[in-house]
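Worksheet: the structure to be examined is printed underneath.
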There are 2 protein chains.
Amino acid sequence: MFKIDIRSSVPIYEQLTEQVKRAVIRGLLKKGDPLPSVRKMAARLEVNPNTVAKAYQELERQGVIITIRGKGTIINDMPENPADVSAVLAKIRPFITELIYAGKTRKEITEEIGNIYDEIMKQR
Amino acid sequence: MFKIDIRSSVPIYEQLTEQVKRAVIRGLLKKGDPLPSVRKMAARLEVNPNTVAKAYQELERQGVIITIRGKGTIINDMPENPADVSAVLAKIRPFITELIYAGKTRKEITEEIGNIYDEIMKQR
DNA sequence: TTTAGTGTATTATAATACATAGTACAGTTA
DNA sequence: TAACTGTACTATGTATTATAATACACTAAA
């Protein structure tokens with residue numbers, strides 16, 4: 001269900017947190033569903049358990065999962081009150097600048113973003 | 001014309017490269033316009049000359065500026081053939097995931113991107 | 001030629017982030 | 001008790017970012 005690209009420049013724990021969130025968005029994981037333990041997940045992904053632990057801690061901080069020491073980790077509800085959207089938009093801005101500089105029009109850019117949206121939501 | 005936020009987690013040289021590109025996009029800088037020398041720019045921004053040099057080298061690598069040893073640095077033509085757009089889109093994807101998770105709809109997201117576009121293009 | 005101003009290159013230091021390794025501890029469940 | 005949870009800690013290695021301090025090659029003007 002989860003795959004890590006070890007050659008990517010994106011940190012492993014970030015790859016994992018994003019994929020968990022995507023699975024929740026797609027409905028592949030629902031409230032109460034358990035995640036594999038830190039050690040099992042690490043074994044499956046062939047990464048260090050500490051790296052998985054870091055990803056789980058980040059997911060809990062964002063309210064995506066609930067962890068209970070000794071028991072395990074389960075998926076939480078999708079949040080109702082939106083997170084810090086403006087901070088996310090600020091991070092996107094430099095990339096939009098790059099696209100404009102590459103000659104992309106306003107319409108092309110918004111269409112590409114729409115395509116990304118569809119790809120994330122799509123059930124394989 | 002350029003401002004650096006020293007408290008930002010975005011590297012200084014990245015802040016500078018993006019602002020130069022934005023100035024070109026807005027038409028505030030045109031082909032042949034000179035950029036301040038590495039040392040002058042560093043003094044104005046109150047950063048180390050090496051950091052400015054790194055930004056200039058990155059801008060030259062991207063074809064934004066032309067540097068001539070002993071003479072100075074000037075703005076290049078806007079590129080006609082687009083750069084690696086797919087790589088940029090790949091970097092945007094995790095942020096779109098975050099926005100979806102925060103409850104944003106497809107329409108809301110594409111509109112927000114459009115707003116960013118307008119803000120970048122806007123002449124103050 | 002000399003001088004001052006360009007960009008460039010190198011070495012060193014410091015701080016931080018990322019990932020791994022190994023070990024230990026606290027809590028839960030069968 | 002035994003085996004499993006998550007958590008905490010130290011240590012190591014690598015990479016990135018930024019600064020500092022020089023040094024070098026080239027250009028333009030005095």
Side-chain angles (χ1 to χ4, degrees), chain A residues 2-20 29 32-76 87 91 94-95, chain B residues 2-20 29 31-76 87 90-91 94-95:
Chain A
F2 304 112
K3 283 187 182 177
I4 297 300
D5 180 5
I6 199 66
R7 294 163 308 180
S8 169
S9 64
V10 179
I12 294 172
Y13 79 94
E14 272 191 30
Q15 292 184 43
L16 182 53
T17 55
E18 203 229 333
Q19 288 182 33
V20 170
L29 290 177
D33 287 346
L35 278 184
S37 76
V38 168
R39 292 170 178 81
K40 281 187 182 174
M41 179 69 91
R44 286 185 198 172
L45 300 179
E46 296 179 325
V47 300
N48 192 279
N50 290 335
T51 305
V52 176
K54 183 170 183 178
Y56 280 16
Q57 284 162 12
E58 176 64 17
L59 284 168
E60 173 149 49
R61 195 191 63 76
Q62 294 181 18
V64 178
I65 63 177
I66 299 176
T67 60
I68 306 173
R69 165 133 82 181
K71 297 193 71 173
T73 304
I74 59 174
I75 300 295
N76 196 3
K91 291 178 190 168
F95 299 115
Chain B
F2 304 112
K3 282 187 182 176
I4 295 301
D5 180 5
I6 198 68
R7 293 164 309 181
S8 168
S9 64
V10 179
I12 294 172
Y13 78 94
E14 272 191 29
Q15 293 183 44
L16 182 53
T17 55
E18 203 229 333
Q19 289 181 32
V20 171
L29 290 177
K31 177 182 168 86
D33 287 347
L35 278 184
S37 75
V38 168
R39 293 168 177 82
K40 281 188 181 174
M41 178 69 90
R44 287 186 199 171
L45 301 179
E46 296 178 328
V47 299
N48 192 280
N50 290 338
T51 306
V52 175
K54 184 170 185 180
Y56 281 15
Q57 284 163 11
E58 176 65 16
L59 284 169
E60 173 149 50
R61 196 191 62 78
Q62 294 180 20
V64 178
I65 63 177
I66 299 176
T67 61
I68 305 171
R69 164 133 82 181
K71 296 195 72 171
T73 303
I74 59 173
I75 301 294
N76 195 1
K91 291 177 189 168
F95 300 115

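Sequence lines set the chain letters: A, B, ... in the order given, protein chains first and strands last, and positions in each chain run from 1. Quick caveat: nothing in here was measured; it's all calculated off a predicted structure.
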Query raised in the report: Between B/Val38 and A/Pro49, who's closer to the 5' end of DNA chain C by nearest nucleotide?
Result: B/Val38
Query raised in the report: So do the side chains of B/Ile75 and B/Ile65 get within less than 4.5 Å of each other, counting heavy atoms only?
Result: yes
[X] vs [N]: side-chain N/O to OP1/OP2 distance below 4.0 Å:
{"X": "A/Thr51", "N": "C/dT20", "value": "yes"}
{"X": "B/Thr73", "N": "C/dT6", "value": "no"}
{"X": "B/Tyr13", "N": "D/dT17", "value": "yes"}
{"X": "A/Lys71", "N": "D/dG6", "value": "no"}
{"X": "B/Asn50", "N": "D/dA18", "value": "no"}
{"X": "A/Lys54", "N": "C/dC18", "value": "yes"}

Give the rounded distance in Å between these two atoms: [atom1] of [X] and [atom2] of [N].
{"X": "A/Arg7", "N": "C/dA19", "atom1": "CZ", "atom2": "C1'", "value": "18 Å"}
{"X": "A/Glu58", "N": "D/dT7", "atom1": "CD", "atom2": "P", "value": "13 Å"}
{"X": "A/Glu60", "N": "D/dT7", "atom1": "CD", "atom2": "C1'", "value": "11 Å"}
{"X": "A/Arg69", "N": "C/dA26", "atom1": "CZ", "atom2": "P", "value": "8 Å"}
{"X": "B/Leu35", "N": "C/dT8", "atom1": "CG", "atom2": "P", "value": "12 Å"}
{"X": "B/Ile6", "N": "C/dA15", "atom1": "CD1", "atom2": "P", "value": "16 Å"}
{"X": "B/Met41", "N": "C/dG5", "atom1": "CE", "atom2": "C1'", "value": "17 Å"}
{"X": "A/Asn48", "N": "D/dC9", "atom1": "CG", "atom2": "C1'", "value": "14 Å"}

**Report entry** Rounded distance (nearest 0.5 Å) linking atom CG of A/Asn48 with atom CZ of A/Arg39
**Finding:** 11.0 Å
Requested in this report: Would you give the length of the straight line joining atom CG of B/Leu35 to atom CG of B/Leu29, rounded to the nearest 0.5 angstrom?
Outcome: 6.0 Å
If you check the [X] side chain, which of [options] turns out closest?
{"X": "B/Gln57", "options": "D/dT17, C/dA9, C/dA19", "result": "C/dA9"}
{"X": "B/Ser37", "options": "D/dG6, C/dT6, D/dA18", "result": "C/dT6"}
{"X": "A/Val47", "options": "C/dG7, C/dT20, D/dG6", "result": "C/dT20"}
{"X": "A/Thr67", "options": "C/dC18, C/dA19, D/dG6", "result": "D/dG6"}
{"X": "B/Tyr56", "options": "C/dG7, D/dA18, C/dG27", "result": "C/dG7"}
{"X": "B/Glu14", "options": "C/dA19, D/dT17, D/dT19", "result": "D/dT17"}

Query raised in the report: Side-chain donor or acceptor of B/Arg39 under 3.5 Å from a matching atom on the base of C/dG7?
Result: yes
Report task. May I ask you to say what A/Glu46 touches in the nucleic acid, namely base, sugar-phosphate or nothing, with a heavy-atom cut-off under 4.0 Å? Result -> nothing
Report task. Apply side-chain contact (heavy atoms from CB on, under 4.5 Å) to B/Val10 and B/Glu18, showing your working. Result -> CA-CA 11 Å; B/Val10 179; B/Glu18 203 229 333; over 6 Å; no
Query raised in the report: With distance as the sole criterion, is a donor-acceptor pair present between the side chains of A/Thr67 and A/Glu60 under 3.5 Å?
Result: yes
Query - Ring-face cation contact, A/Phe95 with B/Lys91, 6.0 Å cut, 45° max - result: no
